[in-house]
Number of protein chains: 2
Amino acid sequence: MTYSISEVAKELNLTVYALRYYDKEGLIPFVERTPSGIRVFKESDIEALKIIQCLKSTGMPIKEIKGFIEWCSEGDSTLQQRYDMFLERKAAVEAQLEDLNKTMELINHKCNYYKTALDAGTEDIHKNNKIGNF
Amino acid sequence: MTYSISEVAKELNLTVYALRYYDKEGLIPFVERTPSGIRVFKESDIEALKIIQCLKSTGMPIKEIKGFIEWCSEGDSTLQQRYDMFLERKAAVEAQLEDLNKTMELINHKCNYYKTALDAGTEDIHKNNKIGNF
DNA sequence: GCTTGACCTAGAGTTAACTATAGGGATTAT
DNA sequence: ATAATCCCTATAGTTAACTCTAGGTCAAGC
């Protein structure tokens with residue numbers, strides 16, 4: 001089973017433009033073409049794109065992802081680099097999760113702040129709080 | 001106690017450029033100036049900047065944050081809007097946390113994949129796995 | 001009184017990651 | 001066999017959020 005670029009775009013929830021851009025940037029050099037030059041995506045290409053999306057969502061820039069793709073095509077000699085890269089990504093995501101949890105705390109705090117103010121009809125209810133009002 | 005722009009930058013871990021940019025974009029209209037035009041930051045200004053950083057980290061663009069700042073200066077008549085905004089931000093962060101947790105799962109999966117491959121000395125160890133290798 | 005260092009504004013430049021346009025080829029339905 | 005629809009490339013344009021530069025002001029120390 002193979003897929004056209006627009007089918008892949010729909011499936012992965014990104015645009016045809018973006019896919020072509022990824023190709024141009026060297027993220028998917030393994031995608032084959034028909035004799036007339038049309039891209040033909042295999043299942044394994046879609047799996048690779050999912051990994052690319054995953055790496056992107058860790059905040060990794062496209063140029064670095066390209067480096068990883070190159071390592072993949074170089075075979076077992078780059079296994080250590082690739083492992084190290086994923087450990088690094090893991091640490092990055094852990095840090096992001098920590099930050100986001102702190103953000104969530106503050107947001108929750110503000111939700112309570114405004115709920116209380118709304119119930120009282122005025123923000124003045126918080127005027128004497130040590131907690132930063134705004 | 002008041003602070004100069006460079007002290008605030010250091011404290012909040014951002015640049016002087018960024019602070020002036022925020023000011024230009026209307027995020028901190030309440031920051032006062034000396035007669036000669038130099039910005040003088042109060043504690044409450046720093047607190048406000050922390051909220052701004054928090055909103056930014058939820059993915060909120062600066063123009064929308066500006067809208068919130070305007071609501072703040074309009075008083076109690078905008079309490080409902082501000083409450084709704086924070087509820088919306090809370091939902092956004094919840095979604096981000098969910099995504100990031102999924103990302104973490106895949107990353108962990110890949111860490112194991114490469115650990116196993118590294119121990120075996122070759123990626124071929126995964127060739128017959130249903131799980132997408134790459 | 002002059003140099004130094006921090007501050008100011010206006011505006012140009014940067015970067016990433018698309019997004020869109022123009023111009024053209026191939027395949028499918030009628 | 002022709003119109004519609006999808007595909008292609010190359011290249012220009014967009015956007016957000018800074019980042020930097022040029023040119024100038026101002027207060028403090030020597």
Side-chain angles (χ1 to χ4, degrees), chain A residues 2-42 45-46 48-69 89 92 96 99 103, chain B residues 2-42 45-46 48-69 89 92 96 99 103:
Chain A
T2 61
Y3 307 87
S4 73
I5 195 167
S6 61
E7 287 169 334
V8 174
K10 185 180 269 186
E11 166 98 7
L12 297 182
N13 215 20
L14 35 79
T15 67
V16 169
Y17 298 142
L19 279 169
R20 288 205 269 251
Y21 169 71
Y22 292 168
D23 199 0
K24 190 159 50 176
E25 293 300 305
L27 298 195
I28 47 173
F30 38 74
V31 171
E32 290 175 5
R33 306 275 188 129
T34 65
S36 65
I38 290 174
R39 292 177 188 84
V40 178
F41 291 79
K42 304 181 290 297
D45 297 339
I46 293 178
L49 276 163
K50 283 181 187 168
I51 305 274
I52 287 167
Q53 285 190 308
C54 171
L55 290 175
K56 268 178 55 57
S57 73
T58 71
M60 196 171 179
I62 276 172
K63 286 193 179 167
E64 278 177 48
I65 298 177
K66 180 189 173 168
F68 165 69
I69 299 292
R89 286 299 97 200
Q96 284 173 47
D99 286 358
T103 296
Chain B
T2 62
Y3 307 87
S4 73
I5 194 167
S6 60
E7 287 169 333
V8 174
K10 185 179 270 186
E11 166 99 8
L12 297 181
N13 214 21
L14 35 78
T15 66
V16 170
Y17 298 142
L19 280 170
R20 289 205 269 252
Y21 170 71
Y22 291 169
D23 199 1
K24 191 156 53 174
E25 293 300 305
L27 297 195
I28 46 173
F30 38 74
V31 172
E32 289 176 5
R33 306 277 188 127
T34 64
S36 65
I38 291 174
R39 291 177 188 84
V40 179
F41 292 79
K42 304 181 290 298
D45 297 338
I46 293 178
L49 277 163
K50 283 182 187 168
I51 305 275
I52 287 167
Q53 284 190 308
C54 171
L55 290 174
K56 268 178 55 56
S57 73
T58 72
M60 196 171 178
I62 276 172
K63 286 192 179 167
E64 278 178 48
I65 299 177
K66 181 191 173 168
F68 165 68
I69 298 293
R89 285 300 95 200
Q96 284 174 47
D99 285 359
T103 296

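Within every chain, numbering begins at 1; the chains are lettered A, B, ... in the order of the sequence lines, protein sequences first and strands thereafter.
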Worksheet item: Within this structure, what is the CD-to-P distance between A:Glu25 and D:dT11, rounded to whole angstrom?
Response: 15 Å
Fill in: For A:Lys42, salt bridge (Lys or Arg N to Asp or Glu O under 4.0 Å) partners two or more places apart
A:Asp45
Item to complete: Answer yes or no: does a side-chain N or O of B:Arg33 lie under 4.0 Å from OP1 or OP2 of D:dC26?
Response: no
Fill in: Member of B:Val40, B:Leu19, B:Ile38 meeting the side-chain contact (heavy atoms from CB on, under 4.5 Å) criterion with B:Ile5
B:Leu19
Discussion item. Counting only heavy atoms and a strict 4.0 angstrom limit, can you tell me which residues of residues 8-22 of chain B come near DNA chain C?
Written reply: B:Arg20
Fill in: For chain B, the stretch of DNA chain C it reaches, first to last nucleotide, under 4.0 Å of its heavy atoms
C:dC7 to C:dG11
Fill in: Set of residues satisfying side-chain hydrogen bond (donor to acceptor under 3.5 Å, both in side chains) with respect to B:Thr2, sequence neighbours excluded
none
Discussion item. So B:Thr34, base contact, sugar-phosphate only, or nothing? Heavy-atom distance under 4.0 Å.
Written reply: nothing
Fill in: Residue pair B:Gln53 / B:Leu14, side-chain heavy-atom distance below 4.5 Å
yes
Worksheet item: Of A:Lys24 and B:Asp23, whose closest DNA chain C nucleotide lies nearer the 5' terminus?
Response: B:Asp23
Would you list the atom pairs, donor with acceptor, under 3.5 Å between side chains in residues 21-29 of chain B and any protein atom, with sequence neighbours excluded?
unit_1, atom_1, unit_2, atom_2, d
B:Asp23, OD2, B:Arg33, NH2, 3.3
B:Asp23, OD2, B:Arg39, NE, 2.6
B:Asp23, OD2, B:Arg39, NH2, 3.3

Response to the item:
Residue pairs meeting side-chain hydrogen bond (donor to acceptor under 3.5 Å, both in side chains), one or both in residues 56-65 of chain A, sequence neighbours left out, come to A:Ser57-B:Thr103, A:Thr58-A:Arg89
Worksheet entry | Phosphate-side-chain proximity, A:Ser4 and D:dC6, N/O vs OP1/OP2 below 4.0 Å | no
Fill in: Residues within residues 55-64 of chain B bordering DNA chain C, heavy-atom distance below 4.0 Å
none
Within the sub-3.5 Å range, which N or O atoms of nucleotides 22-25 of chain D have a protein N or O partner, and how far apart are they?
none

Item to complete: Look up atom CE in A:Met60 and atom CD1 in A:Ile62, then write down how far apart they are to the nearest 0.5 Å.
Response: 11.0 Å
Fill in: For B:Glu7, side chain to side chain contact (heavy atoms under 4.5 Å, CB included) partners two or more places apart
B:Tyr3, B:Ser4
Worksheet item: Partners of B:Lys50 by side chain to side chain contact (heavy atoms under 4.5 Å, CB included), sequence neighbours excluded?
Response: B:Leu12, B:Ile46, B:Glu47
Worksheet item: Taking only residues two or more places apart in sequence, or in another chain, which ones meet B:Thr15 in a side chain to side chain contact (heavy atoms under 4.5 Å, CB included)?
Response: B:Tyr17, B:Ala18
Fill in: Rounded distance (nearest 0.5 Å) linking atom NZ of B:Lys66 with atom CD1 of B:Ile52
12.0 Å
